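Worksheet: one structure, shown below.
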Amino acid sequence: MRRSKAFIPTTKEVPNDAVLASHIFLSRAGFISQVSSGLYNFLPLGKRVLKKIETIVNDEMESIGAQEVELSFVTPVELWQESGRIEKFGKELLRFKDRKENLFVLGPTHEEMMVNLVCNRVNSYKQLPMHLYQIKTKFRDEARPRFGLMRSREFVMKDGYSFHSSTEDLNREFATVEAAYQRILTRLGLEFRIVEADSGTIGGSGSKELMVIADSGEDTIAICDHCQYAANIEAAVRGSKKDIPEAPEAEFNRFMTPDITTIESLAYFFKVDPYYLVKAVAKRAVYDEGSDIVLFFLRGSDTLQDVKAVNALHALELVDVSEEELQEAGLITGFMGPLNFNTCKMVLDVSLKNADAMICGANEKDYHYVGVNFSALINADFADITEVCEGDSCPHCDEGILSLTKGIEVGHIFKLGTTYSAALKAEFLNEKGQREPFIMGTYGMGISRLLAAVIEQHHDDRGCIWTLSTAPYIINVMISNIKDDQQMSFAQTLYEQLKQRGVEVMLDDRKERFGFKMKDAELIGFPYTVIVGKELMNGNIQLMDRATLEQETLAADTALETILQRIST
RNA sequence: CGGGGUGUAGCUCAGUAUGGUUAGAGUACCUGGUUUGGGACCAGGGGGUCGAAGGUUCGAGUCCUUUCACCCCGACCA
């Protein structure tokens with residue numbers, strides 16, 4: 001491509017609403033442009049990178065025997081009613097009517113559509129397993145789109161669905177897909193971790209997320225420094241606690257604690273470690289029908305993990321409760337405790353099971369109990385509801401220490417089981433001739449988000465740094481001065497030769513000055529820029545490596561071979 | 001959905017407290033010239049319903065009302 005003819009509107013100005021490096025540079029370098037909140041155009045460069053990523057994904061999917069399909073973007077609302085997800089997705093589903101007043105939904109993911117496609121077309125266990133996938137635009141009317149391509153409303157996703165006759169076979173496929181996903185991210189040149197994830201209310205026996213490590217990531221993940229354990233903070237658990245602080249000694253007693261309502265002041269008052277205090281967190285749990293105030297009790301040294309808490313209750317969500325609501329419910333804020341408590345539902349963290357020497361609220365203003373032993377509460381609801389912290393021990397090896405880091409969720413794979421096949425009555429005949437719902441897996445990967453993730457990991461203050469596998473063009477041949485006939489003809493020849501060898505090459509033949517074109521090349525981030533300039537008089541050209549910004553002098557007459565060799569490694 | 005902010009040239013923004021020539025700058029774009037190894041310079045030029053609607057006024061980018069869009073924090077996010 002000749003740069004003088006290319007539609008690559010680069011700009012020196014930062015778009016006023018861009019925060020993330022990927023958003024800033026992809027906009028400035030002319031890869032994408034924003035249309036509306038969460039809606040983006042892909043310009044020629046952006047489209048080329050998308051295709052590169054898609055090609056790698058297709059390649060790896062084919063290698064594991066998955067078959068590509070393309071399902072309709074517009075989906076009938078009935079399917080969503082049948083699966084029950086019309087309520088679950090709520091306003092995220094963009095609905096509209098056609099001229100006949102029929103309701104449709106823009107597909108946010110395609111479980112229902114895929115099950116519907118396979119249902120009654122795959123009838124026998126002999127046809128299983130089957131794995132179908134597509135790479136397709138999705139639409140979710142996000143409450144708050146942000147960060148450019150990271151969280152947009154319209155986005156490109158690869159979504160795959162596998163159908164099995166046994167759980168063992170699902171497990172096998174799940175592991176196969178996990179390995180393929182690892183190869184994809186490795187080929188894209190990304191540093192990532194596979195983490196255990198919250199399966200959420202979608203159910204299923206397990207799910208894993210693929211996290212690209214980046215400070216700008218929206219997810220927090222816990223990583224063991226000793227073994228392979230890694231988990232989303234929403235699902236992370238911790239091993240046995242080391243260095244337990246010394247327990248305070250006290251007989252069971254009711255103790256006056258005037259106006260002492262916070263963990264800090266209580267710890268100071270009693271001179272005990274917060275580990276031996278009981279913290280109460282009140283939330284309103286929202287269910288399909290109605291909602292309840294629920295009290296969560298945990299150690300004063302811990303914090304409540306919302307997602308774990310939701311799962312413990314099988315609730316839809318938790319919302320904050322105001323001080324007034326608590327008082328109306330008869331709760332004595334600042335002095336709530338699990339002993340002799342039946343004002344509302346309560347859940348205790350597992351670390352409180354049989355805990356001894358504890359201090360907790362007495363459910364009476366200005367009083368706490370000290371020296372409490374929780375063995376009497378053995379029949380209460382216990383669940384793991386605490387959030388792991390930096391420094392907690394690893395639940396797997398119990399030797400390593402967990403550290404927290406940020407990640408970008410670029411993939412999520414699920415063992416779905418029969419959730420959707422049962423709801424949509426998608427069944428096959430097993431070996432005994434009996435009807436059974438398909439056992440399913442579902443595997444998502446955010447293609448447009450990956451594009452942004454590559455830049456989050458590969459950029460500097462000058463712009464993008466594309467890897468060879470993702471670059472829109474590998475080589476940029478820059479002519480320093482187009483009025484110099486020698487430079488012009490040499491560069492054009494080199495450009496044609498590279499093209500003939502199948503190299504994706506850009507020829508910067510614009511009537512601009514040296515500095516302007518260099519800055520532009522650095523912003524776009526071609527892996528290599530060939531500088532055809534002054535040095536040509538001495539029979540030399542230069543090759544700039546975008547990653548290191550180092551310029552290497554090459555002999556002009558052997559430059560073609562040197563360059564070809566350089567990009568083949 | 002709750003809280004906050006911003007809408008003026010393709011882009012980045014002045015101008016709005018206190019209403020008053022023909023609404024500005026930089027950048028980008030077009031023409032001509034100079035320049036050609038790190039976003040150059042000179043001269044000329046095109047480009048605007050000041051987000052939209054209504055109102056106050058002799059007069060509104062500026063004041064009032066309504067509304068829309070976008071951004072940020074939070075809630076939410078298979």
Side-chain angles (χ1 to χ4, degrees), chain A residues 9-20 23 27-28 30 33-39 80 83-85 88-93 107-112 114 138 140-148 150-153 155 157 159-161 197-204 207 209 218-219 232 234 283-284 286 306-307 310 316-320 322 409 411-416 419-420 440-446 449 462-463 478-484 487-488 510-523 529 531-537 541-542 544 549 551:
Chain A
T10 57
T11 162
K12 228 177 357 178
E13 305 280 1
V14 179
N16 61 354
D17 50 10
V19 188
L20 247 51
H23 190 192
S27 301
R28 279 190 54 203
S33 79
Q34 182 169 3
V35 178
S36 177
S37 179
L39 303 180
W80 299 92
S83 71
R85 285 214 285 186
K88 207 155 114 49
F89 265 108
K91 287 185 175 172
E92 266 189 52
L93 292 180
T109 174
H110 276 176
E111 278 81 9
E112 286 84 352
M114 200 64 84
K138 301 288 185 293
R140 295 181 192 178
D141 201 355
E142 290 275 355
R144 192 174 158 216
R146 59 187 127 172
F147 301 145
M150 283 297 176
R151 182 167 295 284
S152 52
R153 294 193 293 171
F155 58 99
M157 181 165 94
D159 48 325
Y161 310 85
D198 167 49
S199 292
T201 41
I202 191 171
S207 80
E209 289 167 334
E218 290 190 83
D219 290 273
N232 192 306
E234 297 170 353
K283 294 276 180 180
R284 178 173 292 280
V286 181
D306 267 33
V307 174
V310 168
L316 290 178
E317 60 168 331
L318 293 180
V319 293
D320 288 339
S322 69
E409 180 193 342
H412 198 164
I413 55 180
F414 271 92
K415 292 178 186 174
L416 261 189
T419 314
Y420 293 90
M440 294 179 59
T442 177
Y443 319 98
M445 188 169 253
R449 184 179 279 184
R462 301 189 186 193
M478 193 207 83
I479 306 163
S480 177
N481 181 2
I482 63 163
K483 285 186 179 170
D484 182 313
Q487 289 180 20
M488 193 70 177
R510 290 174 300 172
K511 182 182 174 302
E512 296 287 352
R513 295 162 64 90
F514 180 85
F516 181 90
K517 290 198 268 199
M518 285 297 282
K519 285 270 194 264
D520 214 48
E522 285 161 0
L523 176 61
T529 290
I531 302 164
V532 181
K534 279 180 172 174
E535 280 292 306
L536 193 61
M537 289 188 297
I541 60 169
Q542 285 135 300
M544 183 188 73
L549 293 172
Q551 296 180 16

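Just so you know, these numbers come straight off a predicted model, no measurement behind them. Quick note on labels: first sequence line is chain A, next is B, and so on, each numbered from 1.
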Under the 3.5 angstrom rule, does the side chain of [X] hit a backbone N or O of [Y] as a donor-acceptor pair?
X	Y	answer
A:Tyr420	A:Met114	no
A:Lys511	A:Ile482	no
A:Gln487	A:Asn481	yes

Classify the side chain of [X] and the base of [N] as holding, or not holding, a donor-acceptor pair under 3.5 Å.
X	N	result
A:Glu522	B:G38	yes
A:Gln551	B:G38	yes
A:Arg146	B:C71	no
A:Glu13	B:G10	no
A:Lys483	B:U36	yes

Looking at [options], which one has an atom nearest to any side-chain atom of [X]?
X	options	value
A:Lys519	B:C71, B:G38, B:G74	B:G38
A:Ser36	B:G39, B:C70, B:G38	B:C70
A:Glu92	B:C77, B:G39, B:C73	B:C77
A:Gln34	B:U35, B:G37, B:C71	B:C71
A:Ser37	B:U35, B:G39, B:C70	B:C70
A:Arg513	B:G39, B:C70, B:A40	B:A40

Quantified in whole Å, what is the [atom1] atom distance between nucleotide [N] and nucleotide [M]?
N	M	atom1	result
B:U12	B:U8	C1'	12 Å
B:C68	B:A53	C1'	10 Å
B:A9	B:G51	C1'	15 Å
B:G24	B:G15	C1'	8 Å
B:G4	B:C30	C1'	43 Å
B:C76	B:U67	P	28 Å
B:A28	B:C42	P	12 Å
B:C41	B:U27	C1'	15 Å

_Ring-base stacking, A:Phe514 with B:G37 (5.5 Å, 30° cut-offs)_ = yes
Contact class for [X] (heavy atom, under 4.0 Å): base, sugar-phosphate, or nothing?
X	answer
A:Val14	sugar-phosphate
A:Glu218	nothing
A:Ser480	base
A:Lys138	nothing
A:Glu209	nothing
A:Met544	nothing

Counterpart base for [N], defined by Watson-Crick or G-U wobble contacts under 3.5 Å:
N	answer
B:U56	none
B:G24	B:C13
B:G46	none
B:C77	none

*From A:Met518 CE over to A:Arg513 CZ, what is the distance, rounded to the nearest 0.5 angstrom?*
14.5 Å
*How many angstroms lie between atom CD1 of A:Ile531 and atom CG of A:Leu536, to the nearest 0.5 angstrom?*
12.5 Å
*asked:* Can you work out whether A:Phe516 or A:Phe155 has the more 5'-proximal nearest nucleotide on RNA chain B?
replied: A:Phe516
Between [atom2] on [N] and [atom1] on [X], what's the gap in Å once rounded to a whole number?
X	N	atom1	atom2	answer
A:Arg28	B:U12	CZ	P	12 Å
A:Arg151	B:C76	CZ	P	12 Å
A:Glu142	B:C70	CD	P	14 Å
A:Arg510	B:U35	CZ	P	22 Å
A:Arg144	B:C1	CZ	C1'	13 Å
A:Lys517	B:U36	NZ	C1'	9 Å
A:Ile531	B:U36	CD1	P	19 Å
A:Met488	B:U36	CE	C1'	14 Å

_Quick test of your reading of the model: are A:Arg284 and A:Asp320 salt-bridged, counting only N-O distances below 4.0 Å?_
no
_If the glycosidic angle sits within 90 degrees of zero it is syn, else anti. Tell me which applies to B:A28._
anti
*Under the criterion side chain to side chain contact (heavy atoms under 4.5 Å, CB included), which of A:Glu142, A:Met150, A:Arg144 is the partner of A:Arg146?*
A:Arg144
*With a 3.5 Å cut-off and no angle check, do the side chains of A:Ser83 and A:Glu111 form a donor-acceptor pair?*
no
